[in-house]
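This report concerns only the one structure given below.
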Amino acid sequence: MDLGDIDLDHTLSCGQVFRWRKEGDRWIGVVHGHEVRIGQRGKRIDLETDLPNNVLERYFRADDDMEEVYAFISHDDYVRGLVRRFHGLRLIRQDPWECSASYILATYSNIPRIRKMIERICVMYGSEIEGGGHAFPTPAQIVQNEKGAETCGLGFRCERFVEFAKRMAGGGVDFEGLRASSYEICHKRLVSFEGIGDKVADCIAVFSLDHMEAFPIDVRIKRVLESEYGVRGTYGKVSAFARERFGAYAGYAQEYIYYAEDAKNRKEVKG
DNA sequence: AACCAGGTCTCGA
DNA sequence: TCGAGACCTGGT
């Protein structure tokens with residue numbers, strides 16, 4: 001299998017996906033209801049899964065031309081430096097429903113806790129899969145037992161999560177339509193759902209619906225945009241600046257910046 | 001032990 | 001349209 005120019009460690013630990021863990025030198029995750037074990041030594045990928053190659057290539061966005069991506073976003077020394085440091089960090093094309101549900105849960109929380117919330121949801125609702133893990137639940141599985149979510153430690157996100165599952169189960173969300181539409185239409189539509197605001201809408205757009213110009217802004221990104229570029233103001237204003245500056249691949253720039261800030265925190269914690 | 005977290009919603013000005 | 005507060009809970 002050829003994943004192209006990719007660094008699995010950066011790609012799977014940068015915070016865009018929540019269900020991967022590293023054991024030894026291999027990453028273990030669940031993709032589209034199948035366990036995937038994958039490792040990397042240099043350019044060589046070793047893989048253990050019953051998923052077809054083309055599904056994984058799609059998941060890892062092997063179709064992205066990274067030279068073009070880097071050309072688009074390398075507008076200044078700051079981003080150029082990040083591209084050099086974290087070369088091979090790629091966006092992942094997640095399942096839209098899993099992505100939406102995950103980022104609704106990610107609201108006003110932190111990654112370790114988000115991972116736990118999602119894991120509890122999967123154990124509570126998801127089908128058992130080969131390898132001993134659980135698939136991410138379907139909307140129908142959640143709707144079937146609404147009360148179950150209350151014991152998963154979701155806090156105020158619980159109601160939003162269940163409501164969105166209901167909406168999904170009722171066929172109220174046309175993800176493929178949103179994938180085919182413009183970024184602006186997609187964002188506008190996503191924001192109309194309860195529990196999805198500007199930031200989560202952009203996460204869904206860029207992480208699962210191929211709108212690579214979407215630029216999610218959380219507190220960290222907000223701080224960086226102010227310190228590096230002197231930009232502040234409303235979400236709409238700041239994200240418009242980022243889309244204008246980094247163009248069609250602004251979402252990639254965002255992920256490199258986010259990961260860089262994450263690395264900074266890890267270093268500080270270690271002292 | 002406080003502080004803060006991959007924000008969203010509500011509500012006045 | 002914009003800024004301010006509240007908000008479950010648990011990591012650090």
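Proteins get letters first, then strands, A, B, ... in listed order; numbering begins at 1 in each. Just so we're clear, the structure is a prediction, and the values are computed from it rather than from any experiment.
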Classify the nucleic acid contact of [X] as base, sugar-phosphate or nothing, counting any heavy atom under 4.0 Å across all strands shown.
X: A:E159; answer: nothing
X: A:Q16; answer: base
X: A:G155; answer: base

Residues, nucleotides or ligands: over 12 heavy atoms within 6.0 Å of A:E159 CD: no
Atom CD of A:E184: over 12 foreign heavy atoms under 6.0 Å: yes
Which whole-number value in Å describes the distance from [X] [atom1] to [N] [atom2]?
X: A:L105; N: B:dA5; atom1: CG; atom2: P; result: 19 Å
X: A:D198; N: B:dC9; atom1: CG; atom2: C1'; result: 12 Å
X: A:E163; N: B:dC9; atom1: CD; atom2: P; result: 13 Å
X: A:M117; N: B:dA5; atom1: CE; atom2: C1'; result: 10 Å
X: A:F164; N: B:dT8; atom1: CZ; atom2: C1'; result: 15 Å
X: A:F156; N: B:dA5; atom1: CZ; atom2: P; result: 13 Å
X: A:R160; N: B:dT10; atom1: CZ; atom2: C1'; result: 11 Å
X: A:K199; N: B:dC9; atom1: NZ; atom2: P; result: 13 Å

Residue list, salt bridge (Lys or Arg N to Asp or Glu O under 4.0 Å) with A:R120, at least two apart or on another chain: none
Given DNA chain C, 5'-ward residue of the pair A:K116 and A:R157, judged by closest heavy atom: A:R157
Between [X] and [Y], a side-chain donor and acceptor under 3.5 Å:
X: A:R243; Y: A:Y183; value: yes
X: A:Y235; Y: A:D202; value: yes
X: A:Y259; Y: A:Q16; value: no

Runs of at least three Watson-Crick or G-U pairs with DNA chain C, cut-off 3.5 Å: B:2-5 with C:9-12, B:7-13 with C:1-7
Near-parallel close stack of A:Y108 and B:dT8 base (under 5.5 Å, under 30°): no
Nearest-nucleotide comparison on DNA chain B, the residue closer to the 5′ end among A:F193 and A:S109: A:S109
DNA chain B: 5'-proximal contact among A:G195 and A:Y103 (nearest heavy atom): A:Y103
DNA chain C-proximal residues of residues 213-235 of chain A, any heavy atom under 4.0 Å: A:T234
Residue A:R113, side-chain heavy atoms: nucleotide from C:dG10, B:dG7, C:dT12 that is nearest: C:dG10
Selected nucleotide, minimal atom distance to A:N110 side chain, candidates C:dC8, B:dA5, B:dC9: B:dA5
Any side-chain heavy-atom pair of A:I45 and A:F60 under 4.5 Å: no
Chi angles and distances behind the side chain to side chain contact (heavy atoms under 4.5 Å, CB included) call for A:F175, A:M168: CA-CA 10 Å; A:F175 283 124; A:M168 271 297 294; 3.4 Å; yes
ILVMFWY network linking A:V173 to A:V143, side-chain heavy atoms under 4.5 angstrom: no
Whole-angstrom distance between B:dT8 and C:dG11, as gauged at atom P: 22 Å
P gap between C:dC8 and B:dA1, integer Å: 24 Å
Ring centres under 6.0 angstrom apart (A:H87, A:Y70): yes
